[in-house]
Protein chains: 2
Amino acid sequence: MTGLQAPHALKVGELAKAVGVSTDALRYYERAGLLPPPDRSPAGYRLYPPSAADRVHFIQGCQRLGLRLAEIADLLDVRDTGQCPCEPAESLLRRRIVELDRELDRLTRLRSDLQAMADQLHGADCPDPDPGTWCPPGSKNMKEVTDDGHQKGLPLLR
Amino acid sequence: MTGLQAPHALKVGELAKAVGVSTDALRYYERAGLLPPPDRSPAGYRLYPPSAADRVHFIQGCQRLGLRLAEIADLLDVRDTGQCPCEPAESLLRRRIVELDRELDRLTRLRSDLQAMADQLHGADCPDPDPGTWCPPGSKNMKEVTDDGHQKGLPLLR
DNA sequence: GTTGACCTTGAAGTGGGCTCCAAGGTTTAA
DNA sequence: TTAAACCTTGGAGCCCACTTCAAGGTCAAC
């Protein structure tokens, strides 16, 4: 029906709606080299082929994997050139897994520290402490901190 | 010995070295309301009391807990006014724990997806696929994705 | 023929936590 | 006395992935 120059070409707003991102984001992806410059209508409107939606889905998938746009661009490049992306993809993924493990570890320790602090705080009916002093269970704890660099009351809070 | 106006007052560089942050960061904390404006020497140099080191340690501790500077400023405010900080601290912490749980959950799922992908990629001696197609185990997988919105080969990558 | 929804561009803004810079003044050690 | 190493200030720059804006052009419906 629209068969003359492009079948089912999508304007930027249509693609945006189809994949659930803003038109601005799509134009940004283009500037960033993630989307190739699409054909234009006589009036200069972007006309995306339907496959652009797949490409954006791919981008979104990569983002969900925690990759940043520059990395995704690399992946798309090898995908486009027809070279097997497995090699770069795999090293990218492995690198990212290592980072992720570090982050998970950090957050897990963080979480238990927070939990410990919150539990300690809870029900510790501390009277107003001296200004400049942290209160929880027995404000004496704080004094020990300032001197020897260790503290018993508040994990991490020093 | 230096007993006249301030005992053991620290210049910004000294404090910076003592606590392991940059002088710029310290001045930034001051602008951000985390450190009160310190006394000045006749020449206008900042002169911090030794307790400033504790304060910065406190800030660092809070940062390690994943709090942002604005939240830390709130905590310091109540700490300073002598009001028991437990209430705001506890709700801050609980809120942060919930956020952290969400994040941990997200990252954990991410991790297993990445792992699955990397494993699948590894040793899948895929020949160069068609440009615009993602390769791994049997490039047919990709086709299914584009049509029905589900895919079997690559978790999350769509 | 006019309203309103769409599209174009380049440029600037956002947030968070700094870092870096220029152009000066001060202090200290040799 | 002079050089190096510190300090001061305000302001700009950085990263990232956008978003917002201004000032227009285009298109479909009524």
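Quantities reported herein were computed from a predicted structural model and do not represent experimental measurements. Reminder, nothing fancy here: chain letters follow the sequence lines and each chain counts from 1.
- Residue A/R68 places none of its side-chain N or O atoms closer than 4.0 Å to OP1 or OP2 of D/dA17.
- Rounded to an integer number of Å, the gap from CD of A/Q63 to P of D/dC16 is 13 Å.
- Between A/R40 and D/dG25, a side-chain N or O to OP1/OP2 separation shorter than 4.0 Å is absent.
- Taking a heavy-atom distance under 4.0 Å as the criterion, the stretch of DNA chain C touched by chain A extends 5' to 3' from C/dC6 to C/dT9.
- In this structure, B/R79 satisfies the cation-pi test against B/F58, with its NZ or CZ atom closer than 6.0 Å to the six-membered ring centre and inside 45 degrees of the ring normal.
- Remark: the A/T23 side chain and the A/R27 side chain contain an N/O donor-acceptor pair separated by less than 3.5 Å.
- Nearest-nucleotide mapping onto DNA chain C: of B/A70 and A/K11, the residue sitting toward the 5' end is A/K11.
- For the pair B/R106 and B/E103, the salt-bridge criterion is met [side-chain N within less than 4.0 Å of a carboxylate O].
- Salt bridge annotation for B/R46-B/E30: present, with a cationic side-chain nitrogen under 4.0 angstrom from a carboxylate oxygen.
- Listed for the A/R64 side chain is no donor-acceptor partner under 3.5 Å among the backbone atoms of A/I59.
- Contact check on B/R102 versus B/D105 returns no salt bridge, with no Lys/Arg side-chain nitrogen under 4.0 Å from an Asp/Glu carboxylate oxygen.
- As a whole-Å value, the separation of A/R31 CZ from D/dT19 P is 11 Å.
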